[in-house]
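Throughout, a chain's letter reflects where its sequence line sits, starting with A, and its residues are numbered from 1. Predicted, not measured: the structure shown is a model, and the values here were computed from it.
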Protein chains: 2
Amino acid sequence: MYSILTMSTKKNVLDLHPYLRQTLDLIADKWVVAVLYVLSQNTRRYGELQREIGDISQRMLTRTLRDLERNGLVSRKVYLVVPPMVEYSLTPLGKTLNQVLKELCDWSTENFHDVEAARLSHDNSEQNRS
Amino acid sequence: MYSILTMSTKKNVLDLHPYLRQTLDLIADKWVVAVLYVLSQNTRRYGELQREIGDISQRMLTRTLRDLERNGLVSRKVYLVVPPMVEYSLTPLGKTLNQVLKELCDWSTENFHDVEAARLSHDNSEQNRS
DNA sequence: TGCTATACATACATATTTGTATGTATAGTA
DNA sequence: TACTATACATACAAATATGTATGTATAGCA
């Protein structure tokens with residue numbers, strides 16, 4: 001990623017690592033990480049996910065799961081019973097992504113207090129009052 | 001992150017690692033990564049950033065830089081000359097975050113073709129046609 | 001017969017993010 | 001005098017993401 005030279009002719013920096021942008025789009029939305037997190041522990045049913053995540057609307061849970069499935073990160077297993085039963089679990093690919101998320105989580109644990117401190121001092125300085 | 005037990009009483013999974021959510025909010029927007037990436041190479045002036053990123057609007061560049069500054073990831077140095085000159089660079093904190101982004105980038109380089117393959121097979125299967 | 005449980009779909013409303021167009025300031029230069 | 005370069009600010013419009021409310025299907029049970 002960070003070995004780069006001049007770039008006079010190209011249009012967009014992210015052309016250089018096109019997948020990073022798409023990967024960020026993958027994980028950046030409001031619910032993906034929560035779902036991946038819960039599934040990292042175990043297979044879950046739809047209703048279990050909803051209860052454990054807590055404040056996710058059912059529309060968003062469905063959309064998030066569909067996206068994750070389409071992207072090969074989560075697999076869906078339907079049991080033909082009544083009432084319906086569907087189990088979700090991480091794919092091997094999903095598990096590798098979870099590893100990376102763990103690194104991000106570690107960074108945030110170690111460094112986020114610095115971010116908060118920066119915010120405080122910024123918001124308290126004279127120049128940045130509104 | 002991923003060592004967890006039962007969670008019958010809490011509301012939201014992400015309460016368990018509150019900073020992850022906020023860190024994701026930090027980096028998840030459309031332009032932050034591009035800016036961090038360009039600055040990882042060197043200090044840049046406002047106009048240089050704009051040219052190198054390419055398709056960012058000036059409003060978004062300004063907002064992104066202000067956010068990054070507020071969060072302590074980027075520092076801003078103003079030279080009192082006419083026409084104005086302002087230099088942006090990464091803070092030490094910003095550099096550590098860039099490390100993590102690099103891991104994400106590595107993941108995407110290694111694995112994103114799997115994601116694309118999953119998408120193709122998903123979109124081509126009978127069940128998922130619209 | 002009517003009600004329950006489960007896993008959704010869908011129309012519509014609202015909120016948040018991003019983009020576009022235009023304006024501001026000032027020293028130097030033609 | 002008018003025009004340039006640079007780094008913004010701001011009002012407004014458009015696009016995208018998210019939430020809410022309601023509907024669907026079916027076996028079993030009271």
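For A/V86, the side-chain atoms get nearest to C/dA7 when compared with the rest of D/dC8, C/dA7, C/dT18. Side chain of B/T62, nearest nucleotide from C/dT18, D/dA9, D/dT22: D/dA9. Here the side chain of A/R45 is nearest to one of C/dT6, D/dA9, C/dC8, namely C/dT6.
As judged by a 4.0 angstrom heavy-atom cut-off over every strand, B/R63 is placed among residues making no nucleic acid contact. Counting any heavy atom pair closer than 4.0 Å across all strands shown, B/Y88 reaches sugar-phosphate atoms only and no base atom. Note on A/S57: a base of the nucleic acid sits closer than 4.0 angstrom, heavy atoms only.
With hydrogens and angles disregarded, no donor-acceptor distance shorter than 3.5 Å links the side chain of A/N111 to the backbone of B/L93. A donor-acceptor distance shorter than 3.5 angstrom exists from the side chain of A/R21 to the backbone of B/K30, with no hydrogens or angles considered.
If you find the closest nucleotide of DNA chain C to A/V82 and to B/M60, the one lying nearer the 5' end belongs to A/V82. Between B/P83 and A/R59, the residue whose closest nucleotide on DNA chain D is further toward the 5' end is B/P83.
Atom CG in A/L49 sits about 14 Å away from atom C1' in C/dT6, given to the nearest Å. Spacing between atom CG of B/D29 and atom C1' of C/dT16 amounts to 12 Å, rounded to whole angstrom units. Protein atom CG of A/D25 is 14 Å distant from nucleotide atom C1' of C/dT18, rounded to whole Å. For A/I53 and D/dG19, the CD1 to C1' distance is 15 Å, given to the nearest whole Å. In this structure, A/L26 places its CG atom 13 Å from P of D/dA17, rounding to the nearest Å. B/I56 places its CD1 atom 12 Å from the P atom of C/dT20, with the value rounded to the nearest Å. Rounded to whole Å, the distance from NZ on B/K30 to C1' on D/dT16 is 10 Å. Atom P of nucleotide D/dA25 and atom OH of A/Y79 are separated by 25 Å, given to the nearest angstrom.
Using a 30° and 60° split on the angle between ring planes, B/F112 and A/Y19 fall in the parallel class, below 30°.
When the side-chain nitrogen and oxygen atoms of B/R76 are compared with OP1 and OP2 of D/dC8, one or more of them lie within a distance under 4.0 Å.
Counting atom types as modelled, B/Q50 pairs no side-chain N or O with a base atom of D/dA7 as donor and acceptor under 3.5 Å. In terms of polar N and O atoms assigned as donor or acceptor, the side chain of B/Q58 never comes within less than 3.5 Å of the base of C/dA21 in a complementary pairing.
Considering B/L97, B/V100, B/L73 in turn, B/L97 is the only one that fulfils the side chain to side chain contact (heavy atoms under 4.5 Å, CB included) rule with B/I27.
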>> Using salt bridge (charged side-chain N to carboxylate O under 4.0 Å, His left out), reason through B/D67 and B/R63 one step at a time and then give a plain yes or no.
In response: CA-CA 6 Å; B/D67 275 1; B/R63 286 189 63 89; 5.4 Å; no
